[in-house]
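Just so it is clear: chains get the letters A, B, ... in the order the sequence lines come, proteins before strands, and each one is counted from 1.
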Number of protein chains: 2
Amino acid sequence: MRVLIVDDHQLIRAALRDLLHRQYSILDCVEASSGETALSAVKQKEFDVAIVDLFIPGETAFVFLQKLCKQRPSLPVVVLSATDNQQHMQQCIDLGAKAFVNKGEAMEKVIDAIEKVIIGDVFLPSALSKKVETSISPESGELPDLNLEIVLKVLTDRQLDILRMIAQGKSNKVIAREKELSDNTVKVHVSAILRALDLKNRTQIGLLAQKLGLINFN
Amino acid sequence: MRVLIVDDHQLIRAALRDLLHRQYSILDCVEASSGETALSAVKQKEFDVAIVDLFIPGETAFVFLQKLCKQRPSLPVVVLSATDNQQHMQQCIDLGAKAFVNKGEAMEKVIDAIEKVIIGDVFLPSALSKKVETSISPESGELPDLNLEIVLKVLTDRQLDILRMIAQGKSNKVIAREKELSDNTVKVHVSAILRALDLKNRTQIGLLAQKLGLINFN
DNA sequence: ACACCAATACTCCTAAAGTATTAGTGACCT
DNA sequence: AGGTCACTAATACTTTAGGAGTATTGGTGT
């Protein structure tokens with residue numbers, strides 16, 4: 001069993017490793033504490049399953065998840081999350097994850113999930129299947145119809161970067177200083193984001209980012 | 001060694017337990033998955049140290065921490081956090097915690113922290129001592145600690161009304177037209193909201209509203 | 001009758017946000 | 001080698017946001 005563990009918390013990685021060791025006598029376990037190292041790991045090596053924590057620093061977890069699933073569509077991904085947010089679950093599945101496990105649940109759920117996904121099944125908490133069908137936009141539908149894939153596609157890396165900072169309530173000036181850019185440049189990027197996503201102002205950018213889970217909650 | 005572990009994630013509890021078992025041959029380890037059970041545990045039993053996870057959002061963690069430290073001032077508390085937020089660290093120390101360890105760091109830090117606090121010392125990441133003196137940065141992307149009750153209490157009905165419209169990405173002009181007010185009046189309300197909640201701009205109002213779930217109900 | 005306060009509206013003012021255009025640079029492509 | 005594109009930055013401009021102050025209205029409670 002070749003497993004890739006992606007989590008920035010060493011404590012969790014160790015717990016997962018121990019859990020897997022008890023379950024599988026033959027275990028090849030690679031750990032990554034960031035999205036970048038994880039992606040380079042899957043380039044060099046084949047894995048049977050990947051266990052990914054939903055909130056990893058540096059890059060947004062969802063962006064990483066998409067990259068991972070695109071790069072290795074055959075690699076089943078089990079998402080570990082500290083939350084039970086239905087939107088996040090749905091988003092993960094849409095991006096290509098094959099299982100979703102809450103950290104608060106019993107650890108054995110992780111093993112259950114692995115067993116399911118390596119035979120091609122999907123493992124989801126019962127909560128999701130119920131809510132998926134009912135979650136069709138009960139929303140204050142002011143924002144354009146944008147999903148994560150579209151946003152990631154039409155925005156450049158730099159724009160995504162600045163989008164996240166807008167979504168933290170930061171002003172252009174603060175963004176400029178933190179990124180070491182001129183105010184003018186920031187404004188150009190903001191304008192480009194607004195045009196690309198057909199939004200009217202930065203408040204809507206913030207709302208969209210929140211809705212799509214593009215924010216690092218830290 | 002009698003240790004109380006408070007964390008809602010079974011994975012983390014197990015990892016900590018294993019870690020402690022390897023370190024201390026004589027170990028009496030009690031686990032609690034919620035604040036309530038933890039508080040009742042310390043009523044019935046004496047502990048040498050408590051390890052408490054900071055489940056950040058919701059504020060219950062801080063409330064619990066305060067209760068715990070008040071109830072047993074002699075019990076040293078090690079706070080485990082997923083973030084390295086300086087304000088959170090400072091707040092924990094103010095409430096009576098004796099150590100602060102980031103989950104991303106090496107697990108051995110937890111042992112280090114325990115060793116420190118049981119002899120009466122304080123264990124802090126180097127980051128804190130540096131940043132404490134530089135005060136709480138006014139330009140960080142962090143929202144003030146606000147929960148729903150506080151917001152509903154300090155804002156008038158009209159302000160809540162306008163807060164929701166801001167949180168939908170509407171401009172002052174749009175709000176004024178829809179509510180049949182003058183632009184000036186809307187601005188007065190917006191200013192009052194910003195002042196009352198100690199926020200810096202309307203983007204943060206939108207984020208707060210989203211975070212507190214204030215935008216679904218009308 | 002009085003004090004209090006939310007809500008409304010106004011003015012004056014500054015800062016921030018956003019639009020439009022031009023332009024230099026480097027990377028990548030095929 | 002020429003073309004495209006992302007990023008950067010500048011100038012010049014309009015619009016929006018936000019602060020500070022004043023004032024009127026209408027309701028509330030004591």
Colleague: Taking all non-hydrogen atoms of both residues, which atom of B:F100 and which atom of B:S81 are closest, and how far apart?
Modeller: CZ-CB, 3.4 Å
Colleague: Do B:T37 and B:S40 meet the criterion of a side-chain donor-acceptor pair at a distance under 3.5 Å?
Modeller: no
Colleague: Checking all strands, does B:T185 fall into the base, sugar-phosphate, or nothing category for heavy-atom contacts under 4.0 angstrom?
Modeller: base
Colleague: Looking at D:dC7, C:dA17, C:dA7, which one has an atom nearest to any side-chain atom of B:T156?
Modeller: C:dA7
Colleague: Between D:dA17, D:dC7, C:dA16, spot the one nearest the side chain of A:S171, thanks.
Modeller: C:dA16
Colleague: Going by side chain to side chain contact (heavy atoms under 4.5 Å, CB included), A:L155 matches just one of A:I150, A:I162, A:D161, A:L160. Which one?
Modeller: A:L160
Colleague: Under 4.0 Å, heavy atoms only, any strand: does A:N201 hit a base, just the sugar-phosphate, or nothing?
Modeller: sugar-phosphate
Colleague: Starting the side chain at C-beta, find the nucleotide from D:dA10, C:dT8, C:dG18 nearest to B:L181.
Modeller: C:dT8
Colleague: From C-beta outward on B:S191, which listed nucleotide comes closest to its side chain: D:dT8, D:dG18, C:dT8?
Modeller: D:dG18
Colleague: Quick check: on DNA chain C, is the nucleotide nearest B:K187 upstream (toward 5') of the one nearest A:R195, or the reverse? Name the residue that is more 5'.
Modeller: B:K187
Colleague: Select one nucleotide: of D:dG18, D:dT8, D:dT16, the one nearest the side-chain heavy atoms of A:H189.
Modeller: D:dT8
Colleague: Let's see if you can work this out: which of D:dT16, C:dA17, C:dC10 has an atom nearest to the side-chain heavy atoms of A:N172?
Modeller: C:dA17
